[in-house]
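Only one structure is covered here, and it is reproduced in the block below.
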Amino acid sequence: MKAVKISSISDVQLLEAIRQDDEIAFAELFKRYWKKMHSIVFSRVRSVEATNEIVQGLFISLWKKRKTLLIDHLQSYLYTSVKNRILNHLESQMTQRKHWEYYRKFIPEAENTTERDVALNEAMEVIENEVELLPEKSKTIFRLNRLEGQSVSEIANSLNLSEKAIQYHITKSLKTLRLHLKDYILTLSFLMVILPI
């Protein structure tokens with residue numbers, strides 16, 4: 001398939017070429033639909049960073065599954081897929097907010113609200129820094145489980161690992177964090193109880 005003619009071929013032809021690992025065809029598909037998908041996502045999530053992540057994830061998934069996807073109508077497929085990704089993102093945001101409210105209940109009421117908020121932000125910042133120091137795989141699994149609310153089985157499926165391996169990484173991460181966060185044990189306790197292993 002010649003690059004000079006790629007813009008004039010149909011979506012059906014593009015998909016067939018993509019199934020044959022044609023990267024030029026995939027680039028054309030991306031060019032045709034990226035702006036539309038970006039506009040749809042941004043209108044609902046109102047975050048450039050989140051929008052870019054969702055749209056990129058959509059196209060990366062399409063490329064990875066190009067050999068097995070059965071798509072009758074490309075535009076409908078993209079709209080449905082991106083809608084599902086938006087819903088997953090919004091659900092994740094709601095879960096995080098719910099966890100944040102739950103977390104705040106663990107903080108004793110202080111006479112000075114400003115001091116309480118400063119202490120809370122400091123604790124979260126320290127924990128975030130310590131999580132960043134975890135080994136890459138452990139860090140990913142810890143974030144998915146404790147901060148994004150995914151279950152062990154969901155993580156095992158998405159990362160193609162056994163549930164036992166996922167539990168190992170979570171337990172190891174918690175032990176490491178406990179060791180380094182003695183002064184913030186209340187916050188760590190929150191992370192340990194809010195989502196059981």
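Quick note: numbers below take in every heavy atom, side chains included, and nothing from hydrogens, waters or symmetry partners.
The structure places CG of Leu161 at 10.0 Å from CD1 of Ile155, a figure rounded to the nearest 0.5 Å. Rounding to the nearest 0.5 Å gives a distance of 10.5 Å between CG of Asp22 and CZ of Arg66. From Thr176, atom OG1 reaches atom CG of Leu133 across 10.5 Å, with rounding to the nearest 0.5 Å. Going from atom NZ of Lys31 over to atom OG of Ser7 covers 6.5 Å, rounded to the nearest 0.5 Å.
Heavy atoms from other residues, nucleotides or ligands lying under 6.0 Å from NZ of Lys64 number 12 at most. Surrounding NZ of Lys139 are more than 12 heavy atoms belonging to other residues, nucleotides or ligands, all under 6.0 Å away.
Side chains of His169 and Ser138: a donor on one and an acceptor on the other come within 3.5 Å. Looking only at atom types and distance, the side chain of Asp11 has a donor-acceptor partner in the side chain of Tyr33 under 3.5 Å away.
Phe42 and Leu58 are members of different hydrophobic clusters when ILVMFWY side chains are connected at heavy-atom separations under 4.5 Å. Each of Val12 and Leu14 belongs to its own hydrophobic cluster when Ile, Leu, Val, Met, Phe, Trp and Tyr are linked at side-chain heavy-atom distances under 4.5 angstrom.
Between the Thr68 side chain and the Lys65 main chain, a donor and an acceptor come within less than 3.5 Å of each other.
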The test is side-chain contact (heavy atoms from CB on, under 4.5 Å); show your working for Asp72 and Tyr77 and say whether it passes. CA-CA 8 Å; Asp72 294 324; Tyr77 169 82; over 6 Å; no
Where do Lys172 and Tyr168 land on the side-chain contact (heavy atoms from CB on, under 4.5 Å) test, with the steps shown first? CA-CA 6 Å; Lys172 184 179 178 183; Tyr168 166 78; 3.6 Å; yes
Please report the C-alpha distance between Asn52 and Val55 in whole Å, then the side-chain angles of each, then the deciding distance to 0.1 Å, and finally whether the side-chain contact (heavy atoms from CB on, under 4.5 Å) criterion is met. CA-CA 5 Å; Asn52 289 338; Val55 176; over 6 Å; no
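By the 4.0 Å N-to-carboxylate-O rule, Glu132 lies close enough to Arg143 to be salt-bridged with it.
At least one side-chain heavy atom of Leu29 sits under 4.5 Å from a side-chain heavy atom of Phe59. Residues Leu159 and Leu144 are in side-chain contact: their nearest non-hydrogen atoms beyond the backbone lie under 4.5 Å apart.
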